[in-house]
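See below for the structure under consideration.
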Amino acid sequence: MISKDTIEKFREQPTPFYYYDLDVLRITCENLRKESEKYGYKVHYAVKANANPVILKIISSYGFGADCVSWNEIDRAINTGFKPSEIVFAGVGKSDREIESAIDANIFCFNCESIPEMEVIDAIAAKRNKTAVIALRINPYIDALTHKYITTGIEESKFGINIGDLDEVTAKLATLRNLRLIGIHFHVGSQITRMNVFSSLCSRINELQDWFEARNFKLDIINAGGGLGIDYDHPDTPVPFDDYSKLINDLITLRPGQTIHIEPGRALTGQCGSLISRVLYVKKGANKTFAIIDAGMTDLIRPALYQAYHKIENLTSSGALEHYDVVGPICESSDTFGKYIELPETSRGDLIAIRSAGAYGEAMASRYNLRDLPRSFFSDKLEP
């Protein structure tokens, strides 16, 4: 809930901007720390969800590691308090320069997705007279049951090593002298709210544990990835993590000495952020009324890209409820945040909050139409 005092301070600021409630972030981080300590998990925050330095410094202060998908993310993580020894480097297309920089930084692990990638990492490590630590990202053939653009573990996905290719992969690995395999890694998708998806993943992990054990591979880590969703209908509810963490703990059969690693992103930062915008115009259409705001898909692309839902609130009106299509100023028909949204009577100048925007909001902002990037404000200090 955004307080009345905070709303009054919003009036003084040019819009659009991101507002982060750091108390919500800290409560969420504390929830996860308690669960990870209870079950002995290692947490790597998925930096791609939100790489704002203020956010990263708070998350790193809880002792979590980082899951990164570019060298720039690794560099940002190190500079905001994450230890290189607790950073994993994922992604299907790591460049040579990124691999070189990550090896030089002595990161914890590369999550490898193909034989060609393994060969390149091995060659670069050999030139530096180092051994690169890797985990194999395996495609588990499990549907995340979310939007197709954020489903990453099905047969048609570009991500991960196909199970049928594991014999070839492990045979190749035996010839690569500058790689050391320490575990297996999975990620089936994002915004997963059905626990049966994670149950299916755990079953697949157990099957693959047997496969590797039968071939005398000792795995130190089982990285179950991330993907835990948030409740977009109730943006003031921090993620509790208890059901998810208990399920992972109960269903994955670990071998002696093994540790479970997880990579939450949205679940940590999603509920702490809101995109704050002003109404520019209220326009009557043939069959609907448009509330045209100054935030657009350049500031928050999720509704346009994923047809995603975000709760929308008018912070400054208490009038009778009416229905609006809430749209932005970008010259694209997809620049729509919500259709037939019930809001108090809305007028030019009203402040609009698009809630649960702390993940994949600011991080995906662009300058399309040569628009300015949104600024960010924090509950601890309402200044940029």
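The analysis underlying the following values was restricted to heavy atoms, covering all of them including side chains, and did not include hydrogens, waters or symmetry mates. Residue numbers start at 1 and run along the sequence shown.
Side-chain contacts under 4.5 Å among hydrophobic residues (ILVMFWY), followed directly or transitively, place F108 together with V88, V133, I182, I221. The hydrophobic cluster containing V69, built from Ile/Leu/Val/Met/Phe/Trp/Tyr side-chain heavy atoms closer than 4.5 Å, comprises no other residue. Cluster partners of V327, using a side-chain heavy-atom cutoff of under 4.5 Å among ILVMFWY residues and allowing indirect links, are L280, Y281, F290, I292. Think of I27 as one node in a network of Ile, Leu, Val, Met, Phe, Trp and Tyr side chains linked at under 4.5 Å; it has no links at all.
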Working for salt bridge (charged side-chain N to carboxylate O under 4.0 Å, His left out), residues D210 and R255: CA-CA 10 Å; D210 293 340; R255 274 51 174 175; 2.6 Å; yes
Please assess T259 against D220 for the test side-chain contact (heavy atoms from CB on, under 4.5 Å), listing each intermediate value before the final yes or no. CA-CA 6 Å; T259 305; D220 296 326; over 6 Å; no
For a side-chain contact (heavy atoms from CB on, under 4.5 Å) check, start with the C-alpha distance between C202 and I248, then their side-chain angles and the critical distance, and finish with the verdict. CA-CA 7 Å; C202 293; I248 295 290; 3.9 Å; yes
Apply side-chain contact (heavy atoms from CB on, under 4.5 Å) to residues I252 and N206 and explain how you reach the verdict. CA-CA 6 Å; I252 294 178; N206 291 336; 4.2 Å; yes
Run the side-chain contact (heavy atoms from CB on, under 4.5 Å) check on T28 and F241 step by step: do they pass? CA-CA 9 Å; T28 308; F241 295 104; 3.7 Å; yes
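Nearest heavy atoms, F89 versus S70: CE1-N, 3.5 Å. The two residues S347 and V279 come nearest to each other via the heavy atoms O-CB, 3.4 Å. Here the closest non-hydrogen pair linking R375 and P14 is NH2-O, 3.0 Å. Closest non-hydrogen pair, L181 versus L219, comes out as CD2-CD2, 4.1 Å. Between I87 and A77 the shortest heavy-atom distance is CD1-CB, 4.1 Å.
The distance from atom CG of L315 to atom CZ of R278, rounded to the nearest 0.5 Å, is 11.0 Å. Note: Y45 OH to S60 OG = 11.0 Å, rounded to the nearest 0.5 Å. A distance of 11.0 Å separates CD in E119 from SG in C112, rounded to the nearest 0.5 Å. Between the OH atom in Y41 and the CG atom in N249 there is a gap of 4.5 Å [rounded to 0.5 Å]. Atom OG in S101 sits 8.0 Å away from atom CD in E98 (nearest 0.5 Å). Atom-to-atom distance recorded for S36:OG and N31:CG is 11.0 Å, nearest 0.5 angstrom.
No side-chain heavy atom of S95 sits under 4.5 Å from any side-chain heavy atom of W71. Contact of the D299 side chain with the I354 side chain is not registered, since no non-hydrogen atoms from C-beta on lie closer than 4.5 Å. Within the 4.5 Å cutoff, no side-chain heavy atoms of D231 are placed close to those of T193. Looking at heavy atoms from C-beta onward, I163 lies in side-chain contact with R204 at the 4.5 angstrom threshold. Proximity of L136 to F212: side-chain heavy atoms (C-beta onward) are separated by under 4.5 Å at one or more points. Proximity of Q209 to I222: side-chain heavy atoms (C-beta onward) are separated by under 4.5 Å at one or more points. Between V188 and P140, the closest side-chain pair of non-hydrogen atoms falls below 4.5 Å. Looking at heavy atoms from C-beta onward, N162 lies in side-chain contact with Y141 at the 4.5 angstrom threshold.
No side-chain donor-acceptor contact under 3.5 Å links R302 to the backbone of A308. Between the side chain of N79 and the backbone N or O of R76, no donor-acceptor pair lies under 3.5 Å. Panel note: side chain S277, backbone D294; a donor-acceptor pair is recorded below 3.5 Å. Between the Q258 side chain and the L254 main chain, no donor and acceptor come within less than 3.5 Å of each other. No donor-acceptor distance shorter than 3.5 angstrom exists from the side chain of R180 to the backbone of R177, with no hydrogens or angles considered. Here the side chain of S317 pairs a donor or acceptor atom with the backbone of E345 at under 3.5 angstrom. Put simply, the side chain of E35 never gets that close to the backbone of P240: no donor and acceptor are under 3.5 Å apart. In this structure a side-chain-to-backbone donor-acceptor pair under 3.5 Å is present from R215 to W211. A side-chain donor-acceptor contact under 3.5 Å links T346 to the backbone of P344.
Note on L275 and V24: separate hydrophobic clusters, where clusters join Ile, Leu, Val, Met, Phe, Trp and Tyr whose side-chain heavy atoms are under 4.5 Å apart, directly or indirectly. A continuous path of Ile, Leu, Val, Met, Phe, Trp and Tyr side chains, each step under 4.5 Å between heavy atoms, connects Y39 with V239, placing both in one hydrophobic cluster. No chain of hydrophobic side-chain contacts below 4.5 Å, direct or via other Ile, Leu, Val, Met, Phe, Trp or Tyr residues, connects I330 to L373.
Shown are E86, H261, E263; of these, the side-chain hydrogen bond (donor to acceptor under 3.5 Å, both in side chains) with K42 is made only by E86. Screening I192, I142, L251 for a side-chain contact (heavy atoms from CB on, under 4.5 Å) with F198, the sole residue that qualifies is I192. I262 pairs with exactly one of N223, L32, L228 by the side-chain contact (heavy atoms from CB on, under 4.5 Å) rule, that one being L32. Checked options F17, F10, Y19; the residue passing with F377 is F17 (criterion: ring-ring contact (aromatic ring centres under 6.0 Å, His included)).
Heavy atoms from other residues, nucleotides or ligands lying under 6.0 Å from NZ of K83 number 12 at most. For R128, the CZ atom is densely surrounded, since the number of other residues' heavy atoms within 6.0 Å is greater than 12. Counting non-hydrogen atoms of neighbouring residues, nucleotides and ligands closer than 6.0 angstrom, the NZ atom of K130 exceeds 12 such neighbours.
A cation-pi arrangement, defined by a distance under 6.0 Å to the six-membered ring centre and an angle within 45 degrees of its axis, is absent between K94 and F110.
Under a 4.0 Å N-O distance rule, the pair E8/R11 qualifies as a salt bridge. With salt bridges taken as basic N to acidic carboxylate O contacts below 4.0 Å, none links D122 and K172. A salt bridge links D236 and R355; the closest N-O separation between the charged side-chain nitrogens and carboxylate oxygens is under 4.0 Å. Between R33 and E30 there is a salt bridge, with a side-chain nitrogen of the basic residue lying less than 4.0 Å from a carboxylate oxygen of the acidic one.
Pairs engaging residues 313-338 under the ring pair (Phe, Tyr, Trp, His ring centres under 6.0 Å) rule: H323-Y340 [sequence neighbours left out].
Inspection of the S190 and R266 side chains reveals an N or O donor paired with an N or O acceptor under 3.5 Å.
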Can I get a per-line list of side-chain donor-acceptor pairs under 3.5 Å for residues 357-370, giving both atom names and the distance, sequence neighbours left out?
residue : atom : partner : partner atom : Å
E362    : OE1  : Y20     : OH           : 2.5
E362    : OE1  : N52     : ND2          : 3.3
E362    : OE2  : N52     : ND2          : 3.3
S366    : OG   : Y368    : N            : 3.4
R367    : NE   : R371    : O            : 2.8
R367    : NH2  : L370    : O            : 3.4
Y368    : OH   : E332    : OE2          : 2.5

